[in-house]
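Here is the structure we will look at.
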Amino acid sequence: MDLTAIDPLLLLASLMVASTPILLAALGELVVERAGVLNLGVEGMMITGAACGIIFSTLTGNAWLGFAGAALGGLLLSFLFAVLTQLLLSNQVATGLALTLFGLGLSALLGQGFAGTRPPAFPKLDIPLLSNLPVMGQIAFRHDGMVYLGLGLVAAVWYFLTRTRAGLVLRAVGENHDAAHALGYPVVLIRFGAIMFGGACAGLGGAYISLVRVPQWTEGMTAGAGWIALAIVVFAGWKPGRLLLGAYLFGGVTVLQLNLQAAGLAIPVEYLSMSPYVATIIVLVVLAAGRKPGSLGQTFHASR
Amino acid sequence: MITLERRPQPSRAWSYLSPILAVLITMVVGGLVFAALGKPPVEAIRTIFWDPLFGDFAGYFRPQLLVKAAPLILIATGLSFGFRAGVWNIGAEGQYIMGALFGAGVALAFYPIEARWLIFPLMVVAGTLGGLLWAMIPGVLRVRFGTNEILVSLMLVYVADFLLDAMALGLLRNPEGMGFPGSRNLQQYPSAHNAELIANTGLHWGVIAAFFAVVAAYILLSRHIFGFNVRLAGQSPRAAAFAGVSANRMVLICLGLSGGLAGMAGMFEVAGPAGQVLASFNVGYGFTAIIVAFLGRLHPLGILLAGMLMALTYIGGELAQMNLQLPRSAIQLFQGMLLFFLLAVDVMTNFRIRLGRKGVA
Amino acid sequence: MKRRTLLKTGATAAFAAAVGAPLRAQDAPMKVGFVYVGPINDGGWTQHHHHSAKEMVDHFGDQVELVYQESVPEGPDAERVLTQMCLQGCKLIFTTSFGFMDPTVNVAAQFPDVMFEHATGYKTAPNVSVYSARFYEGRAVQGNLAGHMTRSNRVGYIASVPIPEVVRGINSAFIHAREVNPDVEFKIIWIFEWLNPAKEADAAQALIEQGCDVVLQHTDSTAPHAAAQEAGDVYTFGQASDMAEFAPKPRISSIIDNWAPYYIDRVQAVMDGTWESVNTWQGIGDGMVGIGEISSAVPDDVKAEAEALRDSIAAGEYHPFTGPLSKQDGTQFLAEGETADDETLVGMNFYVEGIEGEIPS
């Protein structure tokens, strides 16, 4: 056993990278759930994003356009979910699960011709000056653009939800859709927007796996990341700041267990891997602040 | 402008018509997708929906439909009570795994003693208990601390999944398995094997339990005060409280019932068709059952039909892959579409579509 | 008409197969079935089986018809898929994953006239053969190269599922790395999956960050190669497929699965009526294990040495497990000049001396 082989700076840096897909997807789902909608189809939207990312980046030769295409793919899929749950008032839990099944099939079909192709490189941005800082430079300032975009989005969502009027309205819709409706807010329209934002974020998260992390297309390559994203939202108590912590915790456990193994430590991998989920349950119980949005998962119909 | 207007009464006609309509739409759209993939659409649809029932070798496939549908129906029936009462257990997958682990654990503890009269019933009890206890965690947390049961039950699926991995590799691993992960095969342990009761009928104890559950659920819902309370709790929690229905008790009963049945399904599966505790044991029955429950409109007979329909698309889908070289992904897409349409058309049961008048919303 | 006869034939599945058989005899192409655990374009294990299957079909042309099913879960679904293939009239079926072992044996018992070939398993029957490749021979060559190429003396190893085959590969690679470089150390990460690109990338990253400059993998994706490429001076080896798109650096060689000659052999045997249940374990010499081109990033003398090792293994002059060798705990494994017998190798569940860490259980 040689724990000194683990360089904490590198560990933190790779943790940021490993957490980016789940962070992006979870951030989208957080907004969706804050609007009172539970979309369990994150995995389906992520994998569709992963496929679309490969397709768009390969066809255009540009990784950023790949991400744009992935966001669009996730968004379109979530649009289906929105139509079903918001206009046709189908049950959100069942629809979300069906969306995952649909997305897995769709992505595999779309990606068929792209197995084994390598997407265009996605360069790292060594931020001048900052990247040369001693400790922080190595951890935080030598990543690719999507890592920063993810962090930026967390800040933006935090600002939007807590500091803007539109964010307040969105939260009101999630807390009590009947009251929000009575106040004249377009509940369905707001939820459409939230759901589609969630879809786009999930698509970005999926594409980060297929364009940066791996980078290649393989069927089912998100391998459950979408489900982890759902757990992170709960862990975070629907707060963007804690979401970041949650994503690093869930992503970190994976990176940490791999590193501990490489250092020769015999660890019970399964038990370590389940610990964040147990922690999430404990957080749910202990922190009363983690109260879910009041209308979460309920169907809304403006009856007269 | 199209608006929806709630019907004063759910339409009976539409509740029967809508699933048929959905299947028809799926056939048309699915056929178009298959045609776009360069496969014969009519033949593909026929292979999926017709061949397993009436085609060559239907004598083999029909029993297989039962085998595939039984766990779905068993789990979905349990879930439907909670869903009616507003108790959301979406962790049936975890309870299914725990049932299998408890059931197999009991069997392996007795191995190689032969005493079927003791071991098999004990496994059924243990499996049911395993699922029930796992479901009691979100139940007790909700009752004691007001924790949301949707999220806790979902989190416990992951925990159970990792536990399954650990067991397949550790405690329950077959010591004579040449170093491979996975438990002993219970199919080769007569006292524990959930075998076919009549050869080539597919009928094992799990199938019987599923039918029994459907009948029992039907009677409970339509004839018993419990069914009335469940519906009341779902439609109007306040009214239920006035009627003396304890919300907490309702939560615990609904979670216990669904967890127990899911655990039972897991036990029957691991002791029968699956045979082994393996990391790949769970294939998503617990989640699919949620869809089945809604497709069946939370009605026992509807769930029976929905479970059979899902099983049909699985088995027919396999046939289509094999005979027409249809990619598996196309089948998944097709199943997803079918579910979307089934969920979408349900709106017709409760709402009327109005044209031309602008809604207030 | 069909319905009635089939209801009857449903009585025994074996009979149904017998009925199905004469219809398709002689002039019709012989149906050969393949059951895959992953998608046929997974870039690794399944893709290579499928590729070899297609080579087999090319070889026989109109005489055979390929029937396959991808992404079959290891469990009851596999049993149903196998039965379907038998009912469709397949004469020979290849099941290409360890987890299909019990389903294969079960279905084989019901269809004595259908021949089965199970990859990587150990249970045989009169109509069930097992076949596998001596991948450890290839690992020896990789270990030799790794020992020479590492400058940090730290070699990373991404291991998949803790089964004897993987342990064997680690031991073989380690023995031959140590032989040429006494200071070499192995860092082993188990990811408990055969294919999970994101996790493989993370594992490769962790190994590289801990100073490994050669990374071996027993997992199927190219993700570790991409991670190595990004890191710079790290060498990797292709697994299952050549992964030549990463040559000459980071990928410096590879182990290629080549099942085609075996498949052609076995199909021919069924056609000739000479098929017998066998236990096949072939290596470099028979061509089942291919060593991918050693790239120009490797110095000429190192390349020549590795190729000499490859050739002596192929010729049967050298066995990768030749004593003196000790187990990890210091007890003797093989005496001077002694070679390991197949039985020991098949069940290998220990590390050799010098490897740190424990095999997960």
Side-chain angles (χ1 to χ4, degrees), chain A residues 38 40 44 80 83-85 87-91 93-95 97-112 181 186-189 219 224 227-228 230-231 233-235 268-274 276-278 280-281 284-286 288 290-292 296-297 301-304, chain B residues 2 4-6 33 37 83 88 90 137-138 141 144-148 150-152 154-167 169-170 284 287-288 290-295 327-340 342-347 350-351 359-361:
Chain A
L38 181 65
L40 294 181
L80 261 180
V83 169
L84 279 162
T85 57
L87 296 182
L88 300 174
L89 310 179
S90 67
N91 177 273
V93 170
T95 311
L97 292 169
L99 191 71
T100 291
L101 189 68
F102 185 80
L104 285 170
L106 179 70
S107 62
L109 266 188
L110 291 175
Q112 237 176 12
H181 174 67
V187 173
V188 171
L189 203 65
E219 262 181 48
W227 296 100
I228 298 178
L230 284 167
V233 178
V234 182
F235 175 86
V269 172
E270 298 89 357
Y271 296 99
L272 193 66
S273 301
M274 73 172 75
Y277 300 98
V278 177
T280 302
I281 295 173
L284 268 179
V285 174
V286 174
R291 207 180 63 77
K292 71 177 175 76
L296 185 64
H301 177 68
S303 45
R304 277 161 284 168
Chain B
I2 302 167
L4 293 176
E5 190 182 277
R6 188 180 284 278
V33 172
L37 291 169
F83 291 172
W88 295 94
I90 62 171
I137 300 174
L141 290 183
R144 286 277 298 147
F145 303 102
T147 319
N148 182 267
I150 300 184
L151 307 164
V152 176
L154 180 64
M155 294 303 118
L156 286 171
V157 174
Y158 310 119
V159 177
D161 208 0
F162 284 117
L163 214 56
L164 174 70
D165 292 353
M167 289 298 139
L169 212 55
F287 288 118
T288 311
I290 294 174
I291 304 176
V292 167
F294 280 100
L295 295 186
R328 196 179 106 96
S329 46
I331 301 296
Q332 269 181 324
L333 190 78
F334 182 79
Q335 282 180 322
M337 252 166 27
L338 175 63
L339 302 177
F340 281 154
L342 278 163
L343 292 166
V345 293
D346 193 33
V347 74
N350 294 309
F351 294 88
V360 175

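Proteins come first, then strands; the chains are lettered A, B, ... in the order of their sequence lines, and each starts at number 1.
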How close do [X] and [Y] get, heavy atom to heavy atom, and via which atoms?
| X | Y | result |
| --- | --- | --- |
| A:Leu88 | B:Ala344 | CD1-CB, 3.5 Å |
| A:Thr95 | B:Phe340 | O-CE2, 3.9 Å |
| B:Gly336 | A:Leu101 | N-CD2, 3.9 Å |
| B:Ile291 | A:Ala94 | CG1-O, 4.1 Å |

Residue A:Leu109 versus chain B: region with a heavy atom under 4.5 Å: both

Per-residue contact mode, A:Glu219 against chain B (heavy atom under 4.5 angstrom): neither

Roughly how far, to the nearest 0.5 Å, is the [atom2] atom of [Y] from the [atom1] atom of [X]?
| X | Y | atom1 | atom2 | result |
| --- | --- | --- | --- | --- |
| B:Tyr158 | A:Thr280 | OH | OG1 | 9.5 Å |
| A:Leu40 | B:Ile290 | CG | CD1 | 7.5 Å |
| A:Tyr271 | B:Asp165 | OH | CG | 10.0 Å |

B:Asn148/A:Leu296 under side-chain contact (heavy atoms from CB on, under 4.5 Å): CA gap, chis, key distance, verdict: CA-CA 10 Å; B:Asn148 182 267; A:Leu296 185 64; 5.8 Å; no

Measure [X] against the heavy atoms of chain A and call it side chain, backbone, both or neither at under 4.5 Å.
| X | value |
| --- | --- |
| B:Ile331 | neither |
| B:Leu163 | both |
| B:Phe334 | neither |
| B:Phe294 | side chain |
| B:Leu343 | both |

Pairs of heavy atoms under 4.5 Å with chain B: top-ranked of A:Asn91, A:Val83, A:Thr100, A:Leu189: A:Asn91

Pick from B:Thr147, B:Leu339, B:Asp161 with the largest number of heavy-atom pairs that fall under 4.5 Å of chain A: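 If we count pairs closer than 4.5 Å to chain A, B:Thr147 comes out on top.
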
Most chain A-contacting option - heavy-atom pairs closer than 4.5 Å, from B:Val33, B:Val159, B:Leu164, B:Asp346: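 The residue among B:Val33, B:Val159, B:Leu164, B:Asp346 with the greatest pair count is B:Val159.
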
Non-hydrogen side-chain atoms of A:Val269 and B:Phe162 separated by less than 4.5 Å: no

Full working for side-chain contact (heavy atoms from CB on, under 4.5 Å) between A:Tyr277 and B:Val157: CA-CA 9 Å; A:Tyr277 300 98; B:Val157 174; over 6 Å; no

